[in-house]
Each structure stands twice: as structure tokens, then as C-alpha cells.
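Take a look at the structure below.
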Amino acid sequence: FIKFIGRYSLMVLCTHQIVLQGVLPMIRKIGLGNWLSMFLTLLIVLVGYVIIAPILKKMFPYFVGQKSLFKI
């Protein structure tokens, strides 16, 4: 998991706010406690990046910033 986040850290850095803006209103409607809401938000965002990362990698390979994608 840490390797995954490290590899796609640029992607996570650039898109996490967009993902949070989609997740937070749904979590607030549920009305859970503070700690449970934070944990659920973290879990949803992390699982979301398992889905989002391959899609963005395929659509925008330069956005990921991996050397293996650049032909120099």
C-alpha cells in the first residue's frame, strides 16, 4: 500500500481535494460521530484511488510522472 501511494503520490496530491469534495457531503449526510466519519472518509478515499489511479495512468500517463513512461 505504501509503495502504491509513493508511486502515485503526484496524482494523489493533485486530485485529492476533488475526491474529498465528492465524498465529504455523503459522509456528512450519514451523521456519524467525528472519529468514525474521519475513518470512513479515509477508507473511501483510499479505496477510490485503487480505482482512480489506473484510469488516470491510462488516460494521462505524463500526469503520473513515472520515468518508465518517458521515451528519452
Side-chain angles (χ1 to χ4, degrees):
F1 175 73
I2 300 297
K3 185 177 178 181
F4 177 84
I5 293 296
R7 176 173 286 165
Y8 299 113
S9 62
L10 183 62
M11 184 186 316
V12 173
L13 176 69
C14 294
T15 60
H16 77 277
Q17 190 62 36
I18 296 167
V19 174
L20 281 174
Q21 286 180 353
V23 171
L24 285 177
M26 292 184 292
I27 298 295
R28 287 184 184 136
K29 284 183 181 180
I30 295 172
L32 300 172
N34 226 8
W35 287 101
L36 191 55
S37 293
M38 286 189 287
F39 178 74
L40 189 58
T41 302
L42 176 66
L43 188 65
I44 291 171
V45 170
L46 292 177
V47 169
Y49 273 108
V50 172
I51 298 166
I52 293 169
I55 294 170
L56 286 178
K57 183 179 176 184
K58 192 156 217 72
M59 293 177 67
F60 306 106
Y62 293 102
F63 185 61
V64 178
Q66 293 180 358
K67 288 183 181 181
S68 62
L69 298 173
F70 299 109
K71 294 179 173 112
I72 298 175

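Just the heavy atoms: all of them, side chains too, but no hydrogens, waters or symmetry mates, feed the values below. Quick caveat, the model's predicted, so the values are computed rather than measured.
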### Task
Kindly give the heavy-atom pair with the smallest separation between Lys57 and Met11, and that separation in Å.
N-CE, 4.3 Å

In a table with atom names and distances, give each donor-acceptor pair under 3.5 Å that connects a side chain of residues 22-29 to protein atoms at least two apart or in another chain.
none

### Query
Transitively linked via ILVMFWY side-chain contacts under 4.5 Å: Ile30 with Leu20?
yes

### Task
Give the other cluster members for Trp35, using side-chain heavy-atom distances under 4.5 Å between Ile, Leu, Val, Met, Phe, Trp and Tyr residues; answer none if it is isolated.
Met38

Show the atom names and distances, to 0.1 Å, of all donor-acceptor pairs under 3.5 Å that link a side chain in residues 45-54 to residues at least two apart or in another chain.
| from | atom 1 | to | atom 2 | distance (Å) |
| --- | --- | --- | --- | --- |
| Tyr49 | OH | Thr15 | O | 3.3 |
| Tyr49 | OH | Thr15 | OG1 | 2.7 |
| Tyr49 | OH | His16 | N | 3.0 |

